[in-house]
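Shown next, in C-alpha cells, is the structure this report addresses.
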Amino acid sequence: MTPTVAIIGGTGLTTLDTLRTAHRETLSTPYGEPSSPAIHGELGGRAVVFLARHGQHHTLPPHKINYRANLWALHRLGVEQVVAVAAVGGIRADMAPGVLAFPDQIVDYTWGRHCTFFEDNLSHVTHIDFTEPYCLELRERLIQAARELGLEARESCTYAAMPGPRLETAAEIRRLERDGCDIVGMTGMPEAALARELGMRYAACAVVANWAAGKVAGTISMAEIESNLAGSMDKVKALLAQVIPTLVPL
Ligand code: HPA
C-alpha cells in the first residue's frame, strides 16, 4: 500500500508504538538525508509513514533539521497529507502545559534555514500562496477527532516559529504576544511552507510542553518539558488513531 498519510513526530514522539510497523526505509534525497528512516506501518486500517523530526534518538536540534530532505522524502513516498506533531511553549493564558492546540496561522521568525525548493535552476520565480498556512480540511479533521475524544484542545491560535535552539527571553515572548502569537515552537517553519510547495496537505497538532519564558516565575527546564510531554503523548496517540481512518486518499 502506498502511504498517503505521514506523521512527523516531534519532541516526545520519536517512536509511535501504536503503528503496526511493516518495515523501515532509509531514504536519500537531492537535499541530503532525512532526519530518520521512514517507518512504514498501519494505523486504523490505513498505510501510514512515520518520520522522527529530531532523529530516531532525538539528537537533531531544530536548526539542524533537514526540513527539505524530510518533506521531499515523504513526497517521493507518495504522501499527500502530513500530520505534524510539535512541542510548543504556551503564551496565551489558556495555553497551559498539557493542552493540545491546532494552529491556524504562523508568524515565522526563523532565519538561515533552507526554506524553499524554488531556489536554483528555475525557469521562473515561484511564490506559493500561504494565506492559510495549514490545510483547512485536514485541520478540521484533527479538531473533529479531538472533540470526539473529549480532549481539551484549542481550536484556533497563531504559532510563532523561533530559531532556537535556546528558549526565548521574557522580552521576546512579550513581543510575540504583541504580534498576536499564542504558542511558540522551533520547528513549524519551514516545514509547513515546504509541504505547501510540494502540494501536500499539512496540519499541526501542537502539544503545550511548558509556559513560555516569563509567563510564570522561574526558569524552564528540559526535565519539565519532557515530563509534561510524556503526560500528553497518550492523548496525541489517541488523536492520531481517531483521525487517521478519516483521512481518505486524495
Ligand atoms: N519555546 C520554543 N519552543 C518550544 C518551547 C518554548 O517555550 N517549548 C517547547 N518547544
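Here, residue 1 is the first one in the sequence, and each next residue gets the next number. All values reported here derive from a predicted model rather than from experimental measurement.
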Should V83 and I143 be counted in the same cluster of Ile, Leu, Val, Met, Phe, Trp and Tyr side chains packed under 4.5 Å apart? yes
Would E119 and R68 pass as an ion pair if we require N to O under 4.0 Å? yes
If you measure from CG on D104 to CD on E140, what distance do you get to the nearest 0.5 Å? 11.0 Å
If you measure from the Lys or Arg side-chain nitrogens to the Asp or Glu carboxylate oxygens, is any gap between K237 and D17 under 4.0 Å? yes
Rounding to 0.5 Å, atoms CE (M162) and SG (C181) come to a distance of 9.0 Å
Do other residues, nucleotides or ligands put more than 12 heavy atoms under 6.0 Å from R147 CZ? yes
NE2 (H114) with more than 12 external heavy atoms under 6.0 Å: no
L51 and P34 have their tightest heavy-atom pair at CD1-CB, 4.4 Å
side-chain hydrogen bond (donor to acceptor under 3.5 Å, both in side chains) between E197 and T116, intermediate numbers included: CA-CA 8 Å; E197 286 190 350; T116 180; 2.6 Å; yes
Charged N to carboxylate O below 4.0 Å: is that the case for R201 and E80? no
Hey, are R166 and E172 close enough for a salt bridge, meaning a charged N less than 4.0 Å from a carboxylate O? yes
Keeping the roles fixed (side chain from R196, backbone from D129), state whether a donor-acceptor pair exists under 3.5 Å. yes
Taking the six-membered ring for Trp, are W72 and Y31 parallel (under 30°), tilted (30 to 60°) or perpendicular (over 60°)? perpendicular
Mind checking the CG-OG spacing from L60 to S36? Nearest 0.5 Å is all I need. 9.0 Å
Are a donor atom and an acceptor atom from the side chains of Y202 and Q81 found within less than 3.5 Å of each other? no
Expected output: side-chain R139 to main-chain F102 donor-acceptor under 3.5 Å: yes
Between Q105 and T131 (side chain of the first, backbone of the second, donor and acceptor by atom type, cut-off under 3.5 Å), is there such a pair? yes
Could you report the tightest heavy-atom contact between P62 and T187, atom names first, then the distance? CB-CG2, 3.9 Å
Look at the side-chain heavy atoms of Ile, Leu, Val, Met, Phe, Trp and Tyr, link any pair under 4.5 Å apart, and say whether L100 and L136 land in one connected group. no
T14 vs Q56, side-chain contact (heavy atoms from CB on, under 4.5 Å): CA-CA, chis, key distance, verdict: CA-CA 6 Å; T14 44; Q56 288 182 87; over 6 Å; no
Yes or no on side-chain contact (heavy atoms from CB on, under 4.5 Å) for L198 and L194, after CA distance, side-chain angles and deciding distance? CA-CA 6 Å; L198 293 172; L194 293 169; 5.7 Å; no
Side-chain heavy atoms nearer than 4.5 Å, only ILVMFWY residues, links allowed to pass through others: does that put I65 and Y109 together? no
Between E177 and K215, is the closest basic N to carboxylate O distance under 4.0 Å? yes
Could you tell me whether the side chain of R24 and the main chain of H40 form a donor-acceptor pair under 3.5 Å? no
How about I173 and T169: do any of their side-chain heavy atoms sit closer than 4.5 Å? no
Taking side chain as C-beta onward, heavy atoms only, is P37 less than 4.5 Å from E25? no
In the structure I gave you, are the side-chain heavy atoms of F117 and L71 within less than 4.5 Å of one another anywhere? yes
So CG of D179 and OG1 of T158: to nearest 0.5 Å the spacing works out to 10.0 Å
May I ask you to check whether R141 and Q242 show a side-chain donor-acceptor distance below 3.5 Å? no
Has T59 got a side-chain atom pairing as donor or acceptor with G55's backbone, closer than 3.5 angstrom? no
Could you check whether any side-chain N or O of S35 sits under 3.5 Å from a backbone N or O of R53, counting only pairs where one atom can act as donor and the other as acceptor? yes
Got I7 and L43 here, is their nearest side-chain heavy-atom distance under 4.5 Å? yes
Would you say V184 and Y67 are hydrophobically clustered, going by side-chain heavy atoms of ILVMFWY under 4.5 Å? no
Quick check for you: to the nearest 0.5 Å, what is the distance between Q144 atom CD and L239 atom CG? 11.5 Å
Check whether any side-chain heavy atom of H63 lies under 4.5 Å from a side-chain heavy atom of P163, and answer yes or no. no
Shortest non-hydrogen pair, H58 vs T11, comes out as NE2-OG1, 3.0 Å
May I ask you to decide if M189's main-chain N or O and R113's side chain share a donor-acceptor pair within less than 3.5 Å? yes
Nearest non-hydrogen partners of A38 and L27, listed with the distance: CB-CD1, 3.6 Å
Do Y159 and V107 have side chains that get closer than 4.5 Å, going by heavy atoms? no
Is L176 linked to W211 within one hydrophobic cluster, defined over Ile, Leu, Val, Met, Phe, Trp and Tyr using a side-chain heavy-atom separation of less than 4.5 Å? no
Heavy-atom pair with the smallest gap, counting every atom of P61 and P165: CB-CB, 4.3 Å
Could you give me the CA-CA distance, side-chain angles and deciding distance for L16 and I39, then say whether side-chain contact (heavy atoms from CB on, under 4.5 Å) is met? CA-CA 9 Å; L16 190 59; I39 313 293; over 6 Å; no
Find out whether V49 and V79 are in side-chain contact, i.e. whether some heavy atom of one side chain is under 4.5 Å from a heavy atom of the other. yes
Using atom types as modelled and distance alone, determine if a side-chain donor or acceptor of K235 lies under 3.5 Å from a backbone N or O of G98. yes
Going from CD1 on I220 to CG on N210, what distance comes out if it is rounded to the nearest 0.5 angstrom? 5.0 Å
So, does D182 use its side chain to make a donor-acceptor pair with the main chain of C157 at under 3.5 Å? no
A side-chain contact here means heavy atoms from C-beta on lying under 4.5 Å apart; do F50 and L13 qualify? yes
Using every non-hydrogen atom in the two residues, find where A153 and A146 come nearest and quote the distance to one decimal. CB-CB, 4.1 Å
